[in-house]
Chemist: 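Attaching a single structure in structure tokens format; questions to follow.
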2 protein chains.
Amino acid sequence: MPAKPRPSERPTPAPRSERGELPELARLDLGTLERRLGYFVRRLQVEIFQHFIAALASLNVRPAQYSVMVLIGHNPGQPQAAIARALGIERAALAKMLHELERRGWTQRLASVRDGRSHALFLTREGERALAGMEALTEGHERHLERRLGGRRYRELLALLKDFG
Amino acid sequence: MPAKPRPSERPTPAPRSERGELPELARLDLGTLERRLGYFVRRLQVEIFQHFIAALASLNVRPAQYSVMVLIGHNPGQPQAAIARALGIERAALAKMLHELERRGWTQRLASVRDGRSHALFLTREGERALAGMEALTEGHERHLERRLGGRRYRELLALLKDFG
DNA sequence: TATTGTTATACTCTATAACTATA
DNA sequence: TATAGTTATAGAGTATAACAATA
């Protein structure tokens with residue numbers, strides 16, 4: 001549904017984009033946002049997460065849950081604090097998430113033999129299977145991003161960010 | 001506070017980072033997250049937003065509020081729907097935010113003369129001043145990001161993302 | 001019929017504090 | 001005294017549906 005022109009109600013003419021087209025779709029002026037890295041990073045992150053959630057809708061898995069499953073899968077036996085620290089999330093948030101993952105039968109907490117305070121985390125057999133399913137869907141999601149961004153931009157972004165992080 | 005080594009409680013040796021150091025700080029294996037653009041974009045976005053919020057703490061302005069102020073400032077007289085669409089946020093969320101911005105005396109809603117349904121948005125005189133303050137602090141924030149990421153990576157990221165969005 | 005702005009609801013995320021049990 | 005895990009709370013962000021007024 002094509003929108004109608006938006007009225008500018010002041011003598012001050014609303015600035016137009018540099019491309020010179022008519023304001024039919026009201027391409028607004030981003031102003032100083034054009035120079036804010038956070039603005040563009042946020043827009044991209046939101047788009048990526050939305051597509052990720054849709055891609056994994058059949059498993060009803062959110063990005064944060066996926067990242068926890070991956071980390072436990074690659075680091076079995078680690079305590080919760082180590083996982084939380086590695087992902088930059090709060091211990092409290094992780095505890096709540098693990099409750100849910102355990103309820104689904106995907107993760108397991110075993111009392112640590114070396115430190116009575118900590119829980120060693122593992123995936124269950126079923127959790128391994130679920131993770132395999134997530135990885136298959138996530139691969140498809142990643143290939144979608146590659147097409148969406150263009151292979152070159154995708155690779156350059158990944159290299160820049162990975163090198164930094 | 002240096003942490004102690006984390007126990008791996010299974011025969012399976014926990015994978016270590018490629019850098020060969022001892023697992024004193026338990027650098028965990030990111031596994032397949034190493035190939036997920038969304039993971040790195042999210043980590044960067046969170047770091048940027050945290051610093052932004054701290055940098056503008058004296059004004060108590062959140063990133064979304066700042067982006068709305070900038071857009072209204074550069075596109076005076078636009079209706080709410082146009083602002084919401086340009087920023088990719090919900091009309092409902094914007095309505096709530098404008099309530100707050102209006103309460104602070106920074107924005108103004110005038111009934112549109114051309115469309116009885118819509119409100120033309122403007123910054124007040126005070127809003128213009130507040131925005132100027134935000135821009136000064138945001139510039140400092142942006143220069144911090146440039147140092148943090150390295151000037152080259154900062155510029156490359158901004159160019160890649162801006163060109164895409 | 002469709003759109004604008006609004007309100008209400010629900011759910012997720014985040015941040016914080018307080019608590020216990022261990023170290 | 002510090003840490004690990006837990007619980008509870010509050011706040012922000014997001015998504016959705018419903019509604020009145022207007023187009």
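Order of the sequence lines fixes the chain letters, A, B, ..., with proteins taken first and strands second; residue numbering starts at 1 for each chain.
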Chemist: Need the bend value for the helix from dT1(C)-dA23(D) to dA23(C)-dT1(D): angle between end axes, 5 pairs each end, nearest 10°.
Modeler: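 Angle reported: 0°, given to the nearest ten degrees.
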
Chemist: Residues from residues 36-65 of chain A sitting under 4.0 Å of DNA chain C, heavy atoms only?
Modeler: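 Those residues whose heavy atoms fall under 4.0 Å from DNA chain C, taken from residues 36-65 of chain A in numerical order, are R62(A).
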
Chemist: Assess whether a salt bridge exists between R104(B) and E100(B), defined as any Lys/Arg side-chain N lying under 4.0 Å from an Asp/Glu carboxylate O.
Modeler: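 Yes, charged N to carboxylate O under 4.0 Å.
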
Chemist: Could you give the distance from CD1 (I89(B)) to CD1 (I83(B)), rounded to the nearest 0.5 Å?
Modeler: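 That separation rounds to 9.0 Å.
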
Chemist: Calculate the interatomic distance between I89(B) atom CD1 and dG13(D) atom C1'; express it in whole Å.
Modeler: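 Value for this atom pair: 10 Å.
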
Chemist: Using side-chain heavy atoms (C-beta onward) and a distance below 4.5 Å, is D115(A) in contact with S118(A)?
Modeler: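 Touching, per the 4.5 Å side-chain cut-off.
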
Chemist: Any idea which of dT4(C), dT14(D), dG5(D) is nearest the A93(B) side chain?
Modeler: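 Nearest nucleotide to the side chain: dT14(D).
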
Chemist: Check the distance between dT3(D)'s P and I83(A)'s CD1 and give it to me in whole angstrom.
Modeler: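 It works out to 19 Å between those atoms.
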
Chemist: How would you list, by chain and number, every residue that makes a side-chain hydrogen bond (donor to acceptor under 3.5 Å, both in side chains) with D163(B), sequence neighbours excluded?
Modeler: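 For D163(B) the side-chain hydrogen bond (donor to acceptor under 3.5 Å, both in side chains) partners, ignoring immediate neighbours, are R153(A).
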
Chemist: With sequence neighbours excluded, what pairs up with R35(A) under the side-chain hydrogen bond (donor to acceptor under 3.5 Å, both in side chains) test?
Modeler: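 Checked R35(A) against side-chain hydrogen bond (donor to acceptor under 3.5 Å, both in side chains); zero matches.
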
Chemist: What's the shortest heavy-atom distance between T138(A) and R36(B), and which atoms?
Modeler: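 Looking at all heavy atoms of both residues, the closest pair is CG2-NE, 3.3 Å.
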
Chemist: Please name all residues satisfying side-chain contact (heavy atoms from CB on, under 4.5 Å) with E102(A), sequence neighbours left out, ordered by chain then number.
Modeler: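 By the side-chain contact (heavy atoms from CB on, under 4.5 Å) rule, E102(A) matches T107(A), R109(A).
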
Chemist: By side-chain hydrogen bond (donor to acceptor under 3.5 Å, both in side chains), which residues pair with E156(A), not counting sequence neighbours?
Modeler: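 side-chain hydrogen bond (donor to acceptor under 3.5 Å, both in side chains) list for E156(A), sorted by chain: R152(A).
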
Chemist: Can you tell me how far C1' of dC13(C) sits from CG of L87(A), to the nearest Å?
Modeler: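 That distance rounds to 14 Å.
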
Chemist: So what does E90(A) hit on the nucleic acid, given a heavy-atom distance under 4.0 Å: a base, only sugar-phosphate, or nothing?
Modeler: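 Base, at least one base atom sits under 4.0 Å.
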
Chemist: Tell me, please, which residues at least two apart from R129(B) pass side-chain contact (heavy atoms from CB on, under 4.5 Å).
Modeler: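 side-chain contact (heavy atoms from CB on, under 4.5 Å) check on R129(B) returns R125(B), E126(B).
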
Chemist: Measure from the side-chain N and O atoms of E142(B) to the backbone N and O of L37(A), and report whether any donor-acceptor pair falls under 3.5 Å.
Modeler: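 The answer is yes, because a donor-acceptor pair under 3.5 Å joins these two groups.
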
Chemist: Between the protein and nucleotides 9-11 of chain C, which nitrogen or oxygen pairs come in under 3.5 angstrom?
Modeler:
none

Chemist: Name the residue closer to the 5' end of DNA chain D, choosing between R109(A) and A92(B) according to the nucleotide with the nearest heavy atom.
Modeler: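 Nearer the 5' end of the strand: R109(A).
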
Chemist: Counting only side-chain N and O atoms of H99(A), is one of them less than 4.0 Å from OP1 or OP2 of dG5(D)?
Modeler: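 Checking dG5(D) against H99(A), no side-chain N or O comes under 4.0 Å of OP1 or OP2.
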
Chemist: For dT6(C) and Q80(B) - does any side-chain N or O of the residue sit under 4.0 Å from the phosphate oxygens OP1/OP2?
Modeler: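 For dT6(C), OP1/OP2 do have a side-chain N/O of Q80(B) under 4.0 Å.
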
Chemist: Between dA18(D) and R91(B), is there an OP1 or OP2 to side-chain N/O distance shorter than 4.0 Å?
Modeler: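 For dA18(D), OP1/OP2 do not have a side-chain N/O of R91(B) under 4.0 Å.
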
Chemist: With sequence neighbours left out, which residue pairs that include part of residues 129-165 of chain B fulfil the ring pair (Phe, Tyr, Trp, His ring centres under 6.0 Å) condition?
Modeler: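 Those involving residues 129-165 of chain B are H51(B)-H141(B), H51(B)-H144(B), F52(B)-H141(B).
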
Chemist: Collect all protein-nucleotide pairs involving nucleotides 20-23 of chain D in which both atoms are nitrogen or oxygen and the distance is under 3.5 Å.
Modeler:
| from | atom 1 | to | atom 2 | distance (Å) |
| --- | --- | --- | --- | --- |
| dT22(D) | O3' | G116(B) | N | 3.4 |
| dA23(D) | OP1 | G116(B) | N | 2.7 |

Chemist: Can you tell me the distance, in whole Å, between the CG atom of L94(A) and the P atom of dT14(C)?
Modeler: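 To the nearest whole Å, that distance equals 12 Å.
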
Chemist: Just by modelled atom types, is the G105(B) backbone N or O under 3.5 Å from a matching donor or acceptor in the T124(B) side chain?
Modeler: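 Checking the backbone N and O of G105(B) against the side chain of T124(B), a donor-acceptor pair under 3.5 Å is found.
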
Chemist: Would you be so kind as to tabulate the donor-acceptor pairs closer than 3.5 Å made by side chains of residues 43-50 of chain B, with sequence neighbours excluded?
Modeler:
| from | atom 1 | to | atom 2 | distance (Å) |
| --- | --- | --- | --- | --- |
| R43(B) | NH1 | A86(A) | O | 3.0 |
| R43(B) | NH1 | L87(A) | O | 3.1 |
| R43(B) | NH1 | Y39(B) | OH | 3.0 |
| Q45(B) | OE1 | R42(B) | NH1 | 2.8 |
| E47(B) | OE1 | R148(B) | NH2 | 3.3 |
| E47(B) | OE2 | R148(B) | NE | 2.5 |
| E47(B) | OE2 | R148(B) | NH2 | 3.1 |

Chemist: For R147(B), enumerate each residue passing the side-chain hydrogen bond (donor to acceptor under 3.5 Å, both in side chains) test, keeping only those at least two apart in sequence or located in another chain.
Modeler: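 If we apply the side-chain hydrogen bond (donor to acceptor under 3.5 Å, both in side chains) test to R147(B), skipping adjacent residues, there are no hits.
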
